[in-house]
Amino acid sequence: MQVLVVGAGVIGLAVARAAALRGHDVIVAEATGGIGTGVSSRNSEVVHAGIYYPTGSLRARHSTRGRRMLYDFCAAHGVAYNKCGKLIVATDQAELGKVEALKAQGEANGVEGLELIGGNAARALEGDLACIGALSSPESGIVDSHGYMRALWGELENFGGRIAFTTPVERLWLAASEWHVAFGGRDAGTVAFDAVVNSAGLGAQALARRIEGYPANKIPPLVLAKGNYFAFAGKPAFSRLIYPTPVDGGLGVHVTLDLAGRMRFGPDVEWIDHESYTVDPHRADAFYDRIRRYWPGVPDGSLVPDYCGIRPKLTGPGQPAADFLIADEAAHAMKRLVCLFGIESPGLTSSLSLAEDIADRIV
Ligand SMILES: Cc1cc2nc3c(=O)[nH]c(=O)nc-3n(C[C@H](O)[C@H](O)[C@H](O)COP(=O)(O)OP(=O)(O)OC[C@H]3O[C@@H](n4cnc5c(N)ncnc54)[C@H](O)[C@@H]3O)c2cc1C
């Protein structure tokens, strides 16, 4: 089949690679001039173990399986990663209950190696930590997400696929069992495909509205939840990922590390109504308060505004978190079209497993 994948983020690249591996003739259309310039360049680069998500949900299934696939892929393709492990810390009795519930949730999802440890055991691992207990997750880690996306692109090309950059998809319509796709950009024109995958991230809903005949009531709302990061200006205090218990809309302001060992904090949750990528330095005040609960020693003046990302959520403040939404023929009654909505965290972790699922749905 001639397959069009819209968007060269981590999801589009993984889907395109999976389709090319199955022998399809694959083109990725990307509106910007490079790969991974959207949500995929603005995240924590954490390989999630698969703990938090309701058992049986797409997020649970694809993150646990995708995590194993991602580590194997990185090892086989020379992509840098570090299975550094993670501690989800409890600073009072109420949080201890939450951490115990997370252990049960993670085990129900098939996450390996989870262990509840006491405050002293946690401090033996990370000396600066203040907590009364923690959930240790040895399978959690970090990955060079751009190295990973470059490796996906390389494999896609090895199997005959191509990326068309600065090629926004403007309109799609089905005629005589083929998808006709109108592209803008330098080489504007119309090309026919057998199958289309809409993995346009924050642009997925806008693109769905430009698919002729797509049922409007099947396009979910796009809710933007910005996550701000602050870099730590000093010697890193931790060698593992340190997470508080989750908050409404996110996993709580946590310690993330990059592969050079540098430490940063974030992302918080800032509900916004239009895309904006500035980090308000005043948000640091709330960061200090939250971080001091598990790291009382965080020095004043040590947090520097870094970057932010925007989660493409499907539900807003106070509402239950939505699952990934994979809209295929069963959802919209259109053949060989898959639209992906709400692919927020753990999308990076889940990408290889999600990609197989999606490649199965376009046949
Ligand atoms: C703050 C934050 C932290 C996160 N942390 C983690 C984490 O630690 N671990 C984890 O597993 N996941 C994490 N995630 C989730 C992960 O980053 C996303 O799930 C993933 O990057 C989504 O990738 P994507 O390909 O769907 O979207 P994108 O990367 O945004 O790609 C979509 C692409 O489509 C293109 N596009 C849009 N419209 C069109 C059009 N009409 N025509 C052509 N191209 C178009 C865009 O230019 C873009 O390049 C985090 C997300 C956020 C926001």
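Just so you know, ligand 1 is whichever comes first in the structure, and atom 1 is the first atom listed for that ligand. Remember, predicted model here, so these are calculated numbers, not experimental data.
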Among protein heavy atoms, which lies nearest atom 30 (O) of ligand 1, and at what distance? Val39 N, 2.8 Å
Angle between ring planes, Phe238 versus Trp295, binned at 30° and 60°: parallel, tilted or perpendicular? perpendicular
Same cluster or not: are Leu354 and Leu325 linked, directly or through other Ile, Leu, Val, Met, Phe, Trp or Tyr residues, by side-chain heavy atoms under 4.5 angstrom apart? no
Do Ser199 side-chain atoms and Val6 backbone N/O form a donor-acceptor pair below 3.5 Å? yes
Look at atom 10 (C) of ligand 1 and say which protein heavy atom is nearest, naming residue and atom and giving the distance to 0.1 Å. Leu348 CB, 3.5 Å
Under 3.5 Å, N or O to N or O, is Ser350 touching ligand 1 that way? no
In terms of residue, atom name and distance, what is the protein heavy atom nearest to atom 26 (O) of ligand 1? Ile11 CG1, 3.3 Å
Can you pull out the closest protein heavy atom to atom 47 (O) of ligand 1? Residue, atom name and distance to 0.1 Å, please. Glu30 OE2, 2.7 Å
For atom 18 (C) of ligand 1, which of Ile343, Val181, Leu13, Val143 has the closest heavy atom? Ile343
Surrounding CZ of Arg292 (heavy atoms of other residues, nucleotides or ligands, distance under 6.0 Å), is the total greater than 12? yes
Test item: Ile343 and Pro312 side chains (from C-beta on) under 4.5 Å apart, heavy atoms: no
Number the atoms of ligand 1 from 1 as they appear, then name those within less than 4.0 Å of a heavy atom of Pro168, with their elements. 42 (N), 43 (C)
Would you mind checking which non-hydrogen protein atom is closest to atom 17 (O) of ligand 1, with the distance to 0.1 Å? Asn43 ND2, 2.9 Å
Just to confirm my output: which protein heavy-atom neighbour is closest to atom 29 (O) of ligand 1, and how far is it? Ser40 OG, 2.5 Å
Between Ala31 and ligand 1, is there a nitrogen or oxygen pair with a distance under 3.5 Å? yes
May I ask you to check whether over 12 heavy atoms, not counting those of Arg210, lie within 6.0 Å of atom CZ? yes
Atom 27 (O) of ligand 1 has as its nearest protein heavy atom Gly201 CA, 3.7 Å
I'd like the name of whichever of Val10, Val5, Leu224 reaches closest to atom 20 (C) of ligand 1 through any heavy atom. Val10
Atom 38 (N) of ligand 1: closest protein heavy atom, distance to 0.1 Å, is Ala200 CB, 3.5 Å
Is Val169 in polar range of ligand 1, meaning some N or O pair under 3.5 Å apart? yes
Compare every heavy atom of Leu337 with every heavy atom of His332, then report the nearest pair and how far apart it is. NE2-O, 3.0 Å
Sub-4.0 Å heavy-atom contact, Arg210 with ligand 1: yes
Can you confirm whether Tyr81 sits close enough to Leu70 that some side-chain heavy atom of one is under 4.5 Å from a side-chain heavy atom of the other? no
What orientation do Phe73 and His77 show, parallel under 30°, tilted 30 to 60°, or perpendicular over 60°? parallel
